[in-house]
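Residue numbers start at 1 and run along the sequence shown. Just so it is clear, the values below take in all heavy atoms, side chains as well, and ignore hydrogens, waters and symmetry mates.
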Amino acid sequence: MKRLLAAAAILLAVTPSAQAEPTVERIDFEVTRGGDPLGWHRLRIERDGDRARVEIMIDFELKFGPIALYRYTHRNRTLIEDGKVVSIETRTNDDGDYFAVLARQDDAGRGDGTLSLLGVDGRIKVPADIFPSDYWRYATVRQGRLLDTQKGIIREVEMAAVAGREGCYDMTGELTMQLCYDADKRWVGGSFDGRGKEVLYTRRPVPSDAPWNFSLEDVPPGEPASRYVTVAQNEQR
């Protein structure tokens, strides 16, 4: 009997603990400019242990009556593991200007903690623990550099708490935006200047059955912002 109990104890000691089920979070922002509808900024974050798969869809259209004055479409897929970027793939059409970005840890990158980033200025190496400019993680407010996910370049920024607005921070430098987080450190709002008018992010509830139809192919073609854009798109999965 003692031998049986000892064997059971050993088995329990070496059996891995049950893993938590993956979780999915949706974040939807209704976006206005000067009080007028502009569009939506949506995120889907799937967490599985120390891995997070993030997909982002941004669709803006500024209209004057039936006439579209400005359109912006952005799709972003990012994989993060142990707080480091494993890969990023983005495509953007900024009113006709087309961007594509690719960042990956290859075998060498996993060894030295760097990321191969291909953006509008070509291919560079950056630290894999750099934060992308997707803002959903509260620790963004402690960063001095961000990876611009539209252009694939590094941006120097400064963060400062907004007086009288708990959880809100002004980001200045090469990227400018006010970011707001709640007591649970969830991204809940933001704003920036959109050519003289305030562009305001208002978080909206997401219906439990809301569909998620993400595809990089949803970004319409446009004039490539540089010769590296086509290279990045061709190398995307």
### Message
Please report whether the ring centroid of Phe29 lies less than 6.0 Å from that of Trp187.
### Response
yes
Any salt bridge between [X] and [Y], counting N to O under 4.0 Å?
X      : Y      : result
Arg26  : Asp28  : yes
Glu55  : Arg77  : yes
Glu217 : Arg91  : yes
Asp95  : Arg71  : no
Arg123 : Glu235 : yes
Asp59  : Arg75  : yes
Glu25  : Arg186 : no

Can you measure from [atom1] ([X]) to [atom2] ([Y]) and round to the nearest 0.5 angstrom?
X      : Y      : atom1 : atom2 : value
Arg145 : Glu158 : CZ    : CD    : 14.0 Å
Arg104 : Gln236 : CZ    : CD    : 8.0 Å
Leu38  : Thr32  : CG    : OG1   : 8.0 Å
Phe131 : Lys84  : CZ    : NZ    : 12.5 Å
Ile58  : Gln150 : CD1   : CD    : 8.5 Å
Asp36  : Lys63  : CG    : NZ    : 12.5 Å

### Query
Of the options Thr92, Asn93, Asp218, Asp94, which is the one that meets His74 in a side chain to side chain donor-acceptor pair (under 3.5 Å)?
Thr92
Taking the side chain as C-beta and beyond, is there a heavy-atom pair between [X] and [Y] under 4.5 Å?
X      : Y      : value
Val188 : Tyr201 : no
Tyr98  : Glu223 : no
Thr202 : Arg204 : yes
Asp148 : Ile154 : no
Trp212 : Met57  : yes
Asp134 : Ile56  : yes
Cys180 : Arg165 : yes
Val219 : Phe99  : no

Looking only at heavy atoms, what is the nearest atom pair of [X] and [Y], with distance?
X      : Y      : answer
Gln105 : Ala128 : NE2-CB, 3.2 Å
Ser226 : Gly119 : OG-O, 4.5 Å
Arg195 : Arg33  : O-NH2, 3.4 Å
Leu146 : Pro132 : CD2-O, 4.3 Å
Leu200 : Ser191 : CD1-CB, 4.2 Å
Gly194 : Val199 : CA-CG2, 3.7 Å

Sidechain-backbone polar pair: [X] side chain, [Y] backbone, donor-acceptor under 3.5 Å:
X      : Y      : value
Thr90  : Thr149 : yes
Glu46  : Arg51  : no
Gln143 : Ala139 : yes

#### Entry: Atom CD of Glu156 with >12 non-hydrogen neighbours under 6.0 angstrom
yes
Pair [X], [Y]: side-chain N/O donor-acceptor within cut-off below 3.5 Å:
X      : Y      : result
Tyr228 : Gln233 : no
Asn213 : Ser215 : no
Tyr138 : Tyr169 : yes

### Message
Evaluate Thr176 against Gln178 for side chain to side chain contact (heavy atoms under 4.5 Å, CB included), listing each step before the verdict.
### Response
CA-CA 7 Å; Thr176 57; Gln178 186 172 110; over 6 Å; no
Taking [Y] as the starting point, is it possible to reach [X] by hopping between hydrophobic residues whose side chains are less than 4.5 Å apart?
X      : Y      : answer
Leu216 : Leu147 : no
Met177 : Ile153 : no
Tyr72  : Phe192 : yes
Ile88  : Leu117 : yes
Ile45  : Ile80  : yes

#### Entry: Ser133 and Arg155: CA distance, side-chain angles, deciding distance, side chain to side chain contact (heavy atoms under 4.5 Å, CB included) verdict
CA-CA 9 Å; Ser133 59; Arg155 302 285 200 173; over 6 Å; no
### Message
For Tyr181, does the six-membered ring have the charged nitrogen or CZ of Arg137 within the cation-pi criterion, i.e. under 6.0 angstrom from the centroid and within 45° of the normal?
### Response
no
### Task
Answer yes or no for Arg44 and Phe214: cation-pi contact, defined as NZ/CZ to six-membered ring centre under 6.0 Å and angle to ring axis within 45°.
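Here Arg44 fails the 6.0 Å and 45° test against Phe214.
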